[in-house]
Protein chains: 2
Amino acid sequence: MPNKRVTLADVARRAGLSTAAASMILNGRTDTRLSAEAHARVNDAAAELGYRPNVAARGLRTRKTLTIGFISDVVATTRFASGLIQGALDAARKAGHVLLVLETGGEPARESEAIEAVLDRQVDGIIFGVMRARELFVPDIPPATNVVMLNASNKKHPVSVLPDELSGGRAAVRLLADAGHRNGIALIGHNKEVEKNLFRSATVGQRIAGIRTEMAERGLRFAAEESCWDWEPQHGYDVTLSLLKERRDIRALLCMNDRLAFGAYQALADRGLSVPHDVSVVSFDNDELASYLRPGLTTVALPHEAMGRASIELLLDHNRRPDQHLIPMPIIERGSIHPPAD
Amino acid sequence: MPNKRVTLADVARRAGLSTAAASMILNGRTDTRLSAEAHARVNDAAAELGYRPNVAARGLRTRKTLTIGFISDVVATTRFASGLIQGALDAARKAGHVLLVLETGGEPARESEAIEAVLDRQVDGIIFGVMRARELFVPDIPPATNVVMLNASNKKHPVSVLPDELSGGRAAVRLLADAGHRNGIALIGHNKEVEKNLFRSATVGQRIAGIRTEMAERGLRFAAEESCWDWEPQHGYDVTLSLLKERRDIRALLCMNDRLAFGAYQALADRGLSVPHDVSVVSFDNDELASYLRPGLTTVALPHEAMGRASIELLLDHNRRPDQHLIPMPIIERGSIHPPAD
DNA sequence: ACCGCTTGCTAAACCCTTTTAGCAAGGCCA
DNA sequence: TGGCCTTGCTAAAAGGGTTTAGCAAGCGGT
């Protein structure tokens with residue numbers, strides 16, 4: 001292994017040509033009039049020396065670095081973020097790009113820092129991922145920058161990727177309705193504040209809207225709506241338990257996410273009710289948890305990877321629509337839905 | 001916002017000095033003899049124009065890009081990987097560096113690709129993370145490259161970061177012993193193959209070794225050892241259930257990871273046994289699951305973030321030991337251990 | 001014998017920054 | 001008056017590539 005990296009000049013020297021010729025040949029330019037022999041000599045030299053171009057040097061001239069900045073507020077806290085990153089990494093790799101990943105914790109100061117850091121490195125574009133619901137997002141990015149919003153939308157940067165929560169919400173209701181549930185359906189985790197305040201989480205608003213639309217279209221009504229502020233297992237447990245103490249007619253639970261459903265499972269077990277024979281459960285996200293539960297939880301999945309992938313593809317696609325791109329939410333059928341007993 | 005990025009030449013022009021002067025002043029060089037007035041003019045100009053140096057151009061000259069390649073086999077599949085990345089991102093940010101994150105899926109071809117991709121971008125060093133146990137790891141990296149192995153060790157790259165599994169294994173036993181358990185302790189997930197074959201997973205071998213050492217030193221013996229190949233909830237459920245059917249004297253479960261423990265919880269519930277009053281449970285990893293269980297699972301945590309952080313700090317530390325660096329595994333006490341009833 | 005067109009290639013500028021070598025002016029000393 | 005040392009700065013090269021402008025040689029036509 002040579003001590004120094006092989007440069008274009010090395011290749012040109014070995015081929016007995018100028019760096020200009022070598023550059024044009026290696027870049028496959030067709031408008032060049034260089035002889036077939038020159039092509040062969042340069043290609044051979046490059047292969048023999050194991051030449052690899054220096055991306056930074058090239059970028060200096062061409063303003064293309066084959067590098068994309070992926071800035072998100074949170075990376076590790078939720079599996080959601082990793083799925084997005086995973087999809088983005090893979091799509092980027094396939095397009096010959098590489099990702100500069102930064103995390104901001106949602107703090108505006110760090111967001112600005114992150115944007116500067118990636119711009120300093122001449123990225124070809126920025127994916128801005130938002131995992132936590134947030135009021136608004138405003139850091140200044142130079143107008144010429146190629147930006148895609150991931151899981152968020154923003155007026156200044158119209159190209160965005162979002163899960164198709166409206167259809168997803170409808171799908172969840174459809175799953176229960178198709179199994180024959182018409183009465184005794186409870187909504188777990190409905191949250192009036194969120195429903196009203198689209199800034200807090202645009203996507204969850206759509207989820208609820210889809211649920212309500214589909215219920216209405218089928219002439220169905222919830223037997224109960226249990227509201228809670230946070231959507232952690234503990235809350236699912238608490239509200240479900242208190243619901244079950246009051247009501248004996250609950251036959252299905254529509255949970256706003258899998259963690260609530262997880263808590264609901266525990267509450268159902270505590271009350272001696274079996275899933276799905278006594279009570280069906282359906283929820284959202286396809287959290288890792290959902291497959292661990294017994295029986296497996298039927299859920300409407302957040303399409304993490306597809307979204308991550310889409311964000312990269314959009315970023316690199318020059319004639320994309322400057323618009324929201326909705327990614328379908330797959331239905332993951334496991335064993336938590338069953339026709340009502342009575 | 002100006003259309004073009006501000007360059008050093010712009011700053012120099014506005015300050016009425018040469019780019020050389022501007023460069024030296026902005027880099028805070030003291031061996032320079034430039035007047036105080038020149039300093040002031042340059043600094044003012046830079047501030048007024050909002051100058052930010054072009055990292056790529058600078059790197060061309062200095063061979064430092066303030067960028068680190070983080071190559072791992074898997075990023076999203078396990079929470080483990082995200083924790084590592086999270087720690088690494090944060091440490092890198094604090095050191096003014098940025099991470100180029102690549103994923104290889106553990107395929108050698110993609111590993112080589114990834115290494116080339118980051119070297120092409122002149123990274124200051126490479127962190128090589130291995131999440132899945134693998135036989136060995138051998139892609140060729142130029143010898144001068146600054147490499148830190150994360151969660152793996154390798155002869156060619158001696159600097160590595162690993163969890164202190166030996167102490168962790170001992171700690172788990174200690175937790176049970178200190179609560180008064182001496183008999184009826186079962187080991188769930190012991191795996192003879194792994195124990196023998198350190199290539200498959202060096203860290204798990206240490207975990208077992210720690211457990212066995214501490215047991216021996218305290219004169220304790222396992223009442224049962226349930227082996228299984230994979231460590232998913234389903235397996236924990238299966239082996240625990242069959243164990244409980246055979247034996248009525250089990251008072252504590254030492255599970256090899258939290259997912260097994262999760263399955264074990266379900267099996268215990270099926271048998272009408274309560275955690276921790278009938279049976280104590282302790283395990284490893286501090287998976288997200290552990291906090292969702294009821295009662296919370298006491299576990300010896302994998303120090304994801306600390307490891308990710310350490311890997312960066314080591315990479316940037318020029319006089320580090322060329323050696324394994326062991327990161328302590330914190331004990332997370334929740335509610336799953338209780339003194340035995342009898 | 002000269003013009004003009006192709007063909008095949010190279011010199012040099014350019015991207016942005018750092019760094020080395022050295023210039024010009026002023027002061028001091030002899 | 002000349003030589004030497006500081007002081008304060010700049011020109012230019014270097015780093016690795018891309019791109020533009022244009023040179024030289026060969027050839028066909030008149």
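Quick note on labels: first sequence line is chain A, next is B, and so on, each numbered from 1. Note that the structure is predicted; figures quoted are calculated from it, not measured.
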- Message: Taking A:K94 first and then A:D90, would you say they form a salt bridge - that is, a charged N and a carboxylate O separated by under 4.0 Å?
- Response: yes
- Task: Compare all side-chain heavy atoms of A:L8 with those of A:L26 and state whether any distance is below 4.5 angstrom.
- Result: yes
- Query: Expressed in angstrom and rounded to an integer, what is the separation of A:E37 atom CD from C:dT7 atom C1'?
  - Reply: 15 Å
- Among B:V159, B:V148, B:V147, find the one that has a side-chain contact (heavy atoms from CB on, under 4.5 Å) with B:L315. B:V148
- Encode nucleotides 10-20 of chain C as B, S and - characters from 5' to 3', where the letter depends on protein heavy atoms closer than 4.0 Å: B to the base, S only to sugar-phosphate, - to neither. BB-BBBBBBB-
- Taking atom P of C:dA25 as reference, at what distance in whole Å does atom CZ of B:R33 sit? 16 Å
- Message: Between B:R41 and B:D44, does any side-chain N to carboxylate O distance fall below 4.0 Å?
- Response: no
- Message: By the 4.0 Å heavy-atom rule, please label B:A56 as base, sugar-phosphate, or nothing.
- Response: nothing
- Note on the structure: Taking every heavy atom of A:R63 against every heavy atom of A:D124, the minimum-distance pair comes out as O-OD1, 3.9 Å
- Bending between helix ends of the helix from C:dA1-D:dT30 to C:dA30-D:dT1 [5 pairs per end, 10° resolution]: 90°
- Message: Expressed as a whole number of angstroms, how long is the span from A:D31:CG to D:dT18:C1'?
- Response: 12 Å
- Task: Compute whether any side-chain donor of one residue and acceptor of the other, for A:T65 and A:R121, lie under 3.5 angstrom apart.
- Result: no
- Rounded to whole Å, CD1 of A:I25 lies from P of D:dT19 at a distance of 15 Å
- Query: Is B:D120 salt-bridged to A:R5, cutoff N-O under 4.0 Å?
  - Reply: yes
- Side chains of A:Q86 and A:R309: closer than 4.5 Å at any heavy-atom pair? no
- Message: If you take any heavy atom closer than 4.0 Å to DNA chain C, which residues from residues 39-47 of chain B end up in contact?
- Response: none
- Modelled atom types, side-chain donor and acceptor of B:T104 and B:D73, under 3.5 Å: no
- Between A:I126 and A:H157, is any pair of side-chain heavy atoms under 4.5 Å apart? no
- Message: Are the side chains of A:H325 and A:S160 in contact, using a 4.5 Å heavy-atom criterion?
- Response: no
